[in-house]
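Values below: every heavy atom of this structure, side chains too, minus hydrogens, waters and symmetry copies.
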Amino acid sequence: MLYGDMIHDDTPAIQELLDKCGTVYIDRPGTYLVSSTLIIHSNTRFILSPGAKLLAAPLSKCALIQNEHFADGSIRDENIEIIGGIWDGNCDEMGLDAVYEAKHREDFPYSPSLFKGKLIRFAHIDRLSLEKMTVKDPVSYGVQIADANGFIVRDIYFDYNWHFGTTDGIHVNGPSYNGVIENLYGTTNDDMIGMTTIDETHAEVTMGEIVNVYIHNISAANGYSGVRLLSAGNFDMRNIHISGVYGDYRHNAVLVSHHNTRPNTRIWFDDIIIEHVRANKSSTPLGEDCFTFWEKGAIETLPVIWFEKGINVGNAILRDISRHETANTQGALIQLDKGAEIDRLIIDNVYQTLAPGVDAPKIKNEATIKELIERDV
């Protein structure tokens, strides 16, 4: 029996529905308490009423849902859809200290048996679709996708209370191929979209290349960062198309970078398109209850679009980029670091206006670029 009263444990009843596979409905509004991770199987379509909330039970310390073979890379799941609902990680009731978790997140390597704060997670999966969902208050990532081929994530609202850090919205681990991520809004307290070929140990479900991903229509107010691409460990990131990033960000709207590099390995991006960006730096102060551990340093100097030192890029296009800057910032609209190497870069139609008293650079270029084409800058 499904209660939806925020008192009785609804985990067994929901799991019984999911075990039937096919199309599963929760069509009655209510708050459904989940005390252990729900398992969704291949060939399952899980549809929730807009007023149906799945709430992580206090001290449950578990993901809300994962695919059946998340922890078994020898078997792949397929054809899983989740549509609708409010997915609430209830981070304040997990009995965890946010600063302690941030400082000690690397103490133990990734294991499915350890609670690392990921709210919704999928790995080793073909044809995954997540749509029309509200993702609320995780301890860490809202959604983690790893070793996926053919994934769609669209129409997602992030309703985070910002009490924890490392709270990405959508976090993709390689190897992953042929994805669409679009129509995301709200604000996370880390990258709204993070894609990485090699991760930190607490999140390293898999590692590998990321190829053919289209990211479209991302918007945040006082966001941490919009889209972050991270390549390292001889795993390439190729054919990434980012189109439409809006809002204001404390750190960056788009960052092409590296993280957790391994010795004697290359950091390689190719065929990267970043276009239709209307974003600027945020000047909104954080509330007293916000987790600010990662806000150290001169974030007011960080650019809106940043190609970080140490990266190697084949072909990249930046086009139709503009901002109207009102924050008192030194951050450039586009920054290409010394130590970044790019074979061919096109910069096309870049424009900015500045409020009185703001003197922010448009383009700061110190990278090594073999062929640079600039138009309408």
Side-chain angles (χ1 to χ4, degrees), residues 4 6-7 9-11 14-15 18 26 30-40 46 48 50-67 70 82-102 104-105 110-123 130-146 153 155-173 184-194 200 202-203 205 220 223-224 287 289-291 293-294:
M6 206 170 65
I7 299 173
D9 188 356
D10 288 299
T11 310
I14 298 174
Q15 189 60 61
L18 291 173
I26 295 181
T31 298
Y32 298 85
L33 206 60
V34 177
S35 61
S36 61
T37 301
L38 298 168
I39 304 299
I40 188 167
F46 189 18
L48 296 90
K53 177 191 288 189
L54 298 189
L55 176 69
L59 304 180
S60 55
K61 297 182 182 178
C62 65
L64 277 181
I65 195 166
Q66 67 186 39
N67 58 301
F70 176 88
I82 300 178
I83 302 173
I86 301 165
W87 298 75
D88 190 341
N90 199 14
C91 63
D92 292 337
E93 299 298 325
M94 288 298 117
L96 300 171
D97 178 83
V99 174
Y100 180 89
E101 293 299 313
H104 294 273
R105 71 193 190 284
Y110 164 78
S111 167
S113 63
L114 294 176
F115 178 63
K116 296 292 188 176
K118 284 63 180 174
L119 184 59
I120 298 166
R121 58 185 195 173
F122 295 90
L130 308 175
E131 301 186 43
K132 299 179 181 178
M133 302 162 64
T134 294
V135 180
K136 181 173 172 58
D137 298 341
V139 170
S140 184
Y141 307 154
V143 177
Q144 183 174 29
I145 298 171
V153 181
D155 301 330
I156 308 294
Y157 173 60
F158 299 109
D159 181 13
Y160 288 16
N161 60 19
W162 302 9
H163 293 171
F164 281 77
T166 322
T167 51
D168 285 10
I170 308 300
H171 188 96
V172 178
N173 295 81
L184 309 187
Y185 64 107
T187 306
T188 62
N189 203 22
D190 208 325
D191 308 323
M192 183 172 280
I193 299 172
E200 295 180 342
H202 73 93
V205 180
Y224 183 100
D289 63 337
C290 292
F291 180 86
F293 188 79
W294 307 122

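- Not a single side chain to side chain donor-acceptor pair (under 3.5 Å) links Glu101 to another residue, sequence neighbours left out.
- Note: His202 and Tyr141 have tilted aromatic rings, judged against thresholds of 30 and 60 degrees for the angle between ring planes.
- Counting only distance, with no hydrogens or angles, the side chain of Arg121 and the backbone of Lys118 share no donor-acceptor pair below 3.5 Å.
- Between Ile86 and Leu54 the shortest side-chain heavy-atom distance does not fall below 4.5 Å.
- The minimum heavy-atom distance between Ser35 and Cys62, with the atom names listed, is O-SG, 3.9 Å.
- One distance of note links OG1 of Thr187 with CH2 of Trp162; it measures 5.0 Å at 0.5 Å rounding.
- Of all non-hydrogen atoms in Ile26 and Ala52, the two that sit nearest each other are CG2-CB, 4.0 Å.
- The two residues Met192 and Ala220 make their nearest non-hydrogen contact at CE-CB, 3.6 Å.
- Put simply, CD1 on Ile120 and CD on Gln66 are 12.0 Å apart, with the number rounded to the nearest 0.5 Å.
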Verdict with supporting geometry, Ile7 and Leu33, side-chain contact (heavy atoms from CB on, under 4.5 Å): CA-CA 7 Å; Ile7 299 173; Leu33 206 60; over 6 Å; no
Pair Lys136, Trp87 - check side-chain contact (heavy atoms from CB on, under 4.5 Å), show working. CA-CA 6 Å; Lys136 181 173 172 58; Trp87 298 75; over 6 Å; no
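- Contact record, Val205 with Ala123: CG1-CB, 3.9 Å, taken as the closest heavy-atom pair.
- In this structure, Gln144 and Asn173 have side chains that are in contact, with non-hydrogen atoms separated by less than 4.5 Å.
- For the pair Lys61 and Phe115, the cation-pi test (distance below 6.0 Å, angle within 45°) is failed.
- Between the side chain of Glu93 and the backbone N or O of Leu59, no donor-acceptor pair lies under 3.5 Å.
- With no hydrogens or angles considered, no side-chain donor-acceptor pair links Asp191 and His171 at under 3.5 Å.
- Residues Arg105 and Glu200 form a side-chain contact, since some pair of their non-hydrogen atoms from C-beta on lies under 4.5 Å apart.
- Residues Ile83 and Phe46 form no side-chain contact, since every pair of their non-hydrogen atoms from C-beta on lies 4.5 Å or further apart.
- Checking Asp10, Asp88, Asp137 one by one against Leu55, the side-chain contact (heavy atoms from CB on, under 4.5 Å) holds for a single residue, Asp88.
- The main-chain N or O of Ser36 is never found under 3.5 Å from a side-chain atom of Ser60 such that the two would form a donor-acceptor pair.
- Nearest heavy-atom pair across Met94 and Ala57 is CE-O, 3.0 Å.
- Note on ring orientation: taking the six-membered ring where Trp is involved, the planes of Tyr185 and Tyr157 are tilted (angle from 30° to 60°).
- With rounding to the nearest 0.5 Å, the separation of CD1 in Ile39 from CD1 in Ile65 is 8.0 Å.
- Note that OG of Ser140 and CG of Asp168 are 7.0 Å apart. Values are rounded to the nearest 0.5 Å.
- In this structure, His163 and Asp289 have side chains that are in contact, with non-hydrogen atoms separated by less than 4.5 Å.
- Thr11 and Asp9 form a side-chain donor-acceptor contact under 3.5 Å, judged by distance and modelled atom types alone.
- With contacts defined as side-chain heavy-atom distances shorter than 4.5 Å, the pair Phe70/Thr37 does not qualify.
- Using bins of under 30°, 30° to 60° and over 60° for the plane-to-plane angle, the ring pair Tyr160/Phe158 lands in the perpendicular bin.
- To the nearest 0.5 Å, atoms NZ (Lys132) and CG (Leu130) are separated by 13.5 Å.
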Hey, mind stepping through Ile40 and Phe122 against side-chain contact (heavy atoms from CB on, under 4.5 Å) and telling me if it holds? CA-CA 10 Å; Ile40 188 167; Phe122 295 90; 3.9 Å; yes
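- Between the CG atom in Asn67 and the CG atom in Leu38 there is a gap of 12.5 Å [rounded to 0.5 Å].
- Using a 4.5 Å heavy-atom cutoff, the side chains of Leu119 and Val143 are not in contact.
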side-chain contact (heavy atoms from CB on, under 4.5 Å) between Phe164 and Asn189: does it pass, once the steps are laid out? CA-CA 7 Å; Phe164 281 77; Asn189 203 22; over 6 Å; no
